[in-house]
Colleague: 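Input: one structure, supplied below.
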Amino acid sequence: MRTLLALARRLQGGDADALARMLHESQPLGADTLVRAYACGLFPMAQDDGRRVLWFDPPMRAVLPVDGVRIGREARRLARQGRFAVTMDTAFDQVVAHCAHHPDRRHDTWISDELMRAYAELHRIGAAHSVEVWQEGALVGGLYGVAIGGYFAGESQFRLVNNAGAVGFAHLCASLRRSGFLLHDVQYLKPHLQRMGAFEITREEFRRRLAEAIVRPVTLRLAAAVD
């Protein structure tokens, strides 16, 4: 974590536009590339059936408030009942694979094999995390994202049974708040995220908040309960 924060501080205020141009020139993907990109406000998506990775820095960015996320009543109730078991960082590769190959996305996945390998490397250095949701010993839902300092970028989630994904997300939001995170990035504003309190900020405002968040010494820990 100390090394990661030191790298983030060196990248603070970097030229995201110049970095995006360089990354588009087929730079090999690895943990260092991902950290550098996320620290400058960029995120990747695979195109052309995974044959190339493009980098995005939209003019308007969607974020969720770390305090005050509106979790649905049913997800909150199920999380409190303990019908599902929830863990963190116990099955990262499985979660990413489910997100990439979920039947609903088999014709439209942005998570290529190259990205899966890069995120796995990022996980090994402590900068990517997964939340797993289990039912009777089987993995039935989960999500993953990138964490640098007090910044968390939500990437993808999946569910195999109803409400499993929502319960995992509720635990993530509680974990971010209790761990002291400052910025929860959800990239694009979608209706279900807007209902939970997500809103858009400009690229400039996002970069300002990002620069403040990535240098905060925070460790993500799973919240035992959802408020």
Side-chain angles (χ1 to χ4, degrees), residues 1-23 30-45 55-71 88-89 118-119 121-131 143-157 169-190 193-194 196-223 226-227:
M1 176 58 71
R2 192 173 303 167
T3 301
L4 187 62
L5 289 175
L7 175 60
R9 289 189 179 96
R10 290 202 302 272
L11 296 172
Q12 189 175 5
D15 188 340
D17 296 329
L19 176 60
R21 289 192 295 271
M22 183 179 69
L23 292 172
D32 55 344
T33 303
L34 287 177
V35 170
R36 187 174 186 183
Y38 279 98
C40 289
L42 306 176
F43 59 88
M45 296 180 73
W55 298 86
F56 295 85
D57 183 20
M60 299 298 295
R61 195 67 159 254
V63 298
L64 272 167
V66 175
D67 291 316
V69 177
R70 296 192 292 269
I71 301 298
M88 179 175 286
D89 290 336
Y119 281 120
E121 185 180 343
L122 202 61
H123 173 64
R124 285 194 290 272
I125 67 170
H129 299 277
S130 60
V131 173
L143 56 90
Y144 79 97
V146 174
I148 304 174
Y151 164 62
F152 186 86
E155 286 303 326
S156 189
Q157 69 178 53
F169 189 76
H171 276 272
L172 170 69
C173 292
S175 301
L176 293 176
R177 179 173 58 81
R178 294 180 187 177
S179 299
F181 276 71
L182 296 179
L183 183 60
H184 187 178
D185 174 20
V186 292
Q187 300 171 354
Y188 295 112
L189 188 62
K190 298 176 181 178
L193 292 171
Q194 195 167 14
M196 288 188 282
F199 58 95
E200 288 185 319
I201 56 178
T202 64
R203 178 189 290 138
E204 291 71 23
E205 174 64 12
F206 176 77
R207 289 180 181 175
R208 185 193 68 77
R209 296 188 186 197
L210 175 64
E212 178 184 358
I214 62 175
V215 296
R216 181 166 183 164
V218 173
T219 299
L220 181 59
R221 302 188 188 282
L222 181 66
V226 173
D227 296 336

Colleague: So, for Cys173 and His184, which heavy atoms are closest and what is the spacing to 0.1 Å?
Modeller: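 Closest heavy-atom pair between Cys173 and His184: SG-CE1, 4.2 Å.
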Colleague: Determine the sole option in Tyr119, Phe206, Tyr188 for which the ring-ring contact (aromatic ring centres under 6.0 Å, His included) test with Phe43 is passed.
Modeller: Tyr188
Colleague: To the nearest 0.5 Å, how far apart are CD1 in Ile148 and CZ in Arg36?
Modeller: 13.0 Å
Colleague: Rounded to the nearest 0.5 Å, how far does CG of Leu64 lie from CD of Gln194?
Modeller: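 The distance works out to 10.5 Å.
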Colleague: Between Ser130 and Tyr144 (side chain of the first, backbone of the second, donor and acceptor by atom type, cut-off under 3.5 Å), is there such a pair?
Modeller: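 No, because the side chain of Ser130 does not come within donor-acceptor range (under 3.5 Å) of the backbone of Tyr144.
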Colleague: Of all heavy-atom pairs between Ile125 and Ala31, which one has the smallest distance, and what is that distance?
Modeller: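 Smallest interatomic distance, heavy atoms only, reads CD1-CB, 4.0 Å.
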Colleague: Does Arg207 come within less than 4.0 Å of Asp57, counting only side-chain N to carboxylate O?
Modeller: yes
Colleague: Determine the minimum heavy-atom distance between Gly149 and Phe181, stating which atoms define it.
Modeller: O-CE2, 3.4 Å
Colleague: Does the side chain of Met88 reach to within under 4.5 Å of the side chain of Leu220, using non-hydrogen atoms?
Modeller: yes
Colleague: Taking the side chain as every heavy atom from C-beta outward, state whether Val146 and Tyr151 have any atom pair closer than 4.5 Å.
Modeller: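 They are not in side-chain contact.
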Colleague: Minimum heavy-atom separation for His171 to Ala223, with atom names?
Modeller: ND1-O, 3.4 Å
Colleague: In the structure I gave you, are the side-chain heavy atoms of Met60 and Ile201 within less than 4.5 Å of one another anywhere?
Modeller: no
Colleague: If I take atom CD from residue Glu155 and atom NE2 from residue His129, how far apart are they, to the nearest 0.5 angstrom?
Modeller: 13.0 Å
Colleague: Do Phe169 and Met196 have side chains that get closer than 4.5 Å, going by heavy atoms?
Modeller: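 Answer yes - side chains close enough.
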Colleague: State whether Glu205 and Arg209 are salt-bridged, where the test is any N-O pair (Lys NZ or Arg NE/NH1/NH2 against Asp/Glu carboxylate O) under 4.0 Å.
Modeller: yes
Colleague: For Arg61 and Gly41, indicate whether the former's side chain and the latter's backbone hold a donor-acceptor pair under 3.5 Å.
Modeller: yes
Colleague: Starting from the C-alpha separation in whole Å, work towards a yes-or-no answer on side chain to side chain contact (heavy atoms under 4.5 Å, CB included) for Val66 and Leu183.
Modeller: CA-CA 7 Å; Val66 175; Leu183 183 60; 5.9 Å; no
Colleague: Could you walk me through whether Val63 and Phe199 pass the side chain to side chain contact (heavy atoms under 4.5 Å, CB included) check?
Modeller: CA-CA 6 Å; Val63 298; Phe199 58 95; 3.6 Å; yes
Colleague: Run through Leu34, Val35, Leu42 and flag the one making a side chain to side chain contact (heavy atoms under 4.5 Å, CB included) with Tyr38.
Modeller: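 The single option meeting the side chain to side chain contact (heavy atoms under 4.5 Å, CB included) with Tyr38 is Leu34.
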Colleague: Quick one: does any side-chain atom of His123 pair with a main-chain N or O of Ala128 as donor and acceptor, under 3.5 Å?
Modeller: yes
Colleague: When rounded to the nearest 0.5 angstrom, what is the spacing between CD1 in Ile214 and CG in Leu182?
Modeller: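 So the CD1 of Ile214 and the CG of Leu182 are separated by 11.5 Å.
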Colleague: When rounded to the nearest 0.5 angstrom, what distance separates CZ in Arg221 from CG in Asp89?
Modeller: 11.0 Å
